[in-house]
Peer 1: 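Below: one structure in structure tokens.
Model, not experiment: these values are computed from the prediction. Every number for a ligand or one of its atoms is a count from 1 in the order of the listing.
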Amino acid sequence: MSLLIRNISNLYTPAAGLPYGQLKTMHRVHVFVQDGIIQQIFSGDEQPPQAETVFDATGKTLVPGFIDAHTHPVFWKTREDEFIMRVQGKSYEEIALAGGGIRSSVRRFREAKKEEIKTLTRTRIKTFLEFGVTTIEAKSGYGLSTEDEVKALEIINELNDEQPLEMIPTFLGAHEIPDEFQQDRRGYIDLIKNQMLPLIAERNLARYCDVFCEKGVFTVDESREILLEARRYGLDARIHADELSPFGGAEMAAEIKARTADHLVQISDRGIEDMALAGVIPVLLPGTTFFLGKDGYAPARKMLAAGCEVALSTDFNPGSSATQNLQLIWTIAALKLKMLPEEILWAVTLTAARSLNMDSRLGSIEEGKQADLLLLDIPNLNYLAYHYGINHTVITVKEGKIVFRNE
Ligand code: NIG
Ligand code: FE
């Protein structure tokens, strides 16, 4: 199988060896792909080889396929009622304490059949591809019983095999304390450690383990305990940290050398320094701050100044961020995190790939790498955030195959 994308007006990509925020830029080039691998980038005057599929990209811009390194796509019912409650002045925390939020999603998830949830998840996957996303990290976390967490992870693994979007499964059993353990949090943590983790590891259902470390959810000590136990089973750590209050999650993530710490809206200066030193990747989710109607955003510029490589993701979930549009996140990151297009492109491609330990195969347009590509109908990189809220995708390519075409 070969693919030729001809006459690409602009090609922008991060690359191994370049500093974060610096891109390789090429104009009027042809990209030749065979067997899913980028074989060669030809300059406009050169004659590339014949290919089975040829796509003309005159006037268009090619970037690496986007990687969304933090999503919760396996849920049942949506929660637009809570969105309206927030519009009317209730906070996310108040809604959760009153029995809404994650726990309401859990009740509904448990009622639904695996096949029903799988069908819904399949349509969500199509939407990711439409927005140019070729890989996602996908969390469980709406089951919170052994059976239902396994159900979520099975859905991710099974769908991974049957369609083009690549999904990296993360076990998020520590997303909340479920209703039946409200009076026995120790009992729930023991269930995660003694039953869920061994089973999930034995069946190879997840690559990472995540914890919602936040006031009212899991404490720093509980989070550390769960993440260290997960690591004994080969699941590396990601963590929801310091989103709603400065809680010490970032410092702990640095201490245990987690792969990522995510959200970080309320991170302390010490947390930033610790993460930079330990090489923990901050995964920032400004769409969540926006959708929760809050004004304070994660201090991205401070993190960049401290030497962190920042990733950006949607946090797609039914409560705090119901979007799959990383192109919209791009605009929010520009306006609210004051990140520049060159930094944001890193944040949604090569750095996101690094956060998943997949940067040797994914995240940049370089000869020898997997051909995960996104062709955009934009005249230059600055335009993407500027003409906002629409989908600029022309084609999405996963492993050398066109998997979405905007007619
Ligand atoms: O990343 N913070 C925890 N988890 C999600 C919210 C999930 C939900 O509200 O259903 C988040 O924001
Ligand atoms: Fe999340």
Peer 1: In Å, rounded to the nearest 0.5 Å, how long is the span from CE of M196 to CG of L153?
Peer 2: 10.5 Å
Peer 1: May I ask you to check whether F181 and Y188 place their ring centers less than 6.0 Å from one another?
Peer 2: yes
Peer 1: Can you tell me if, anywhere in H263, an N/O/S atom lies at a distance from the Fe ion (ligand 2) that is smaller than 2.8 Å?
Peer 2: no
Peer 1: Considering only heavy atoms, which protein residues lie less than 4.0 Å from any atom of ligand 1?
Peer 2: H70, H72, R79, Y92, I102, Y142, H175, F212, H240, E243, H263, D315, N317, G319, S320
Peer 1: Taking the ring centre of each residue, are F291 and F83 less than 6.0 Å apart?
Peer 2: yes
Peer 1: Would you please indicate if the ring centroids of F128 and F316 are separated by under 6.0 Å?
Peer 2: yes
Peer 1: Quick check for you: with the Fe ion (ligand 2) as the vertex, what angle do NE2 of H240 and NE2 of H72 span, to 10°?
Peer 2: 100°
Peer 1: Step through it carefully: locate the ring centre of Y20, locate the ring centre of W346, and say whether they are under 6.0 Å apart.
Peer 2: yes
Peer 1: Among E176, H263, H240, find the residue that satisfies the side-chain contact (heavy atoms from CB on, under 4.5 Å) test when tested with F212.
Peer 2: H240
Peer 1: Checking only N/O/S atoms, does D262 have one that is under 2.8 Å from the Fe ion (ligand 2)?
Peer 2: no
Peer 1: Specify the closest pair of heavy atoms between L337 and P286, including all atoms of both residues, with the distance to one decimal.
Peer 2: CD1-CG, 3.9 Å
Peer 1: Name of the D315 N, O or S atom nearest the Fe ion (ligand 2)?
Peer 2: OD1
Peer 1: Do R224 and F218 form a cation-pi contact, if we require the NZ or CZ to be under 6.0 Å from the six-membered ring centre and within 45 degrees of the ring's axis?
Peer 2: no
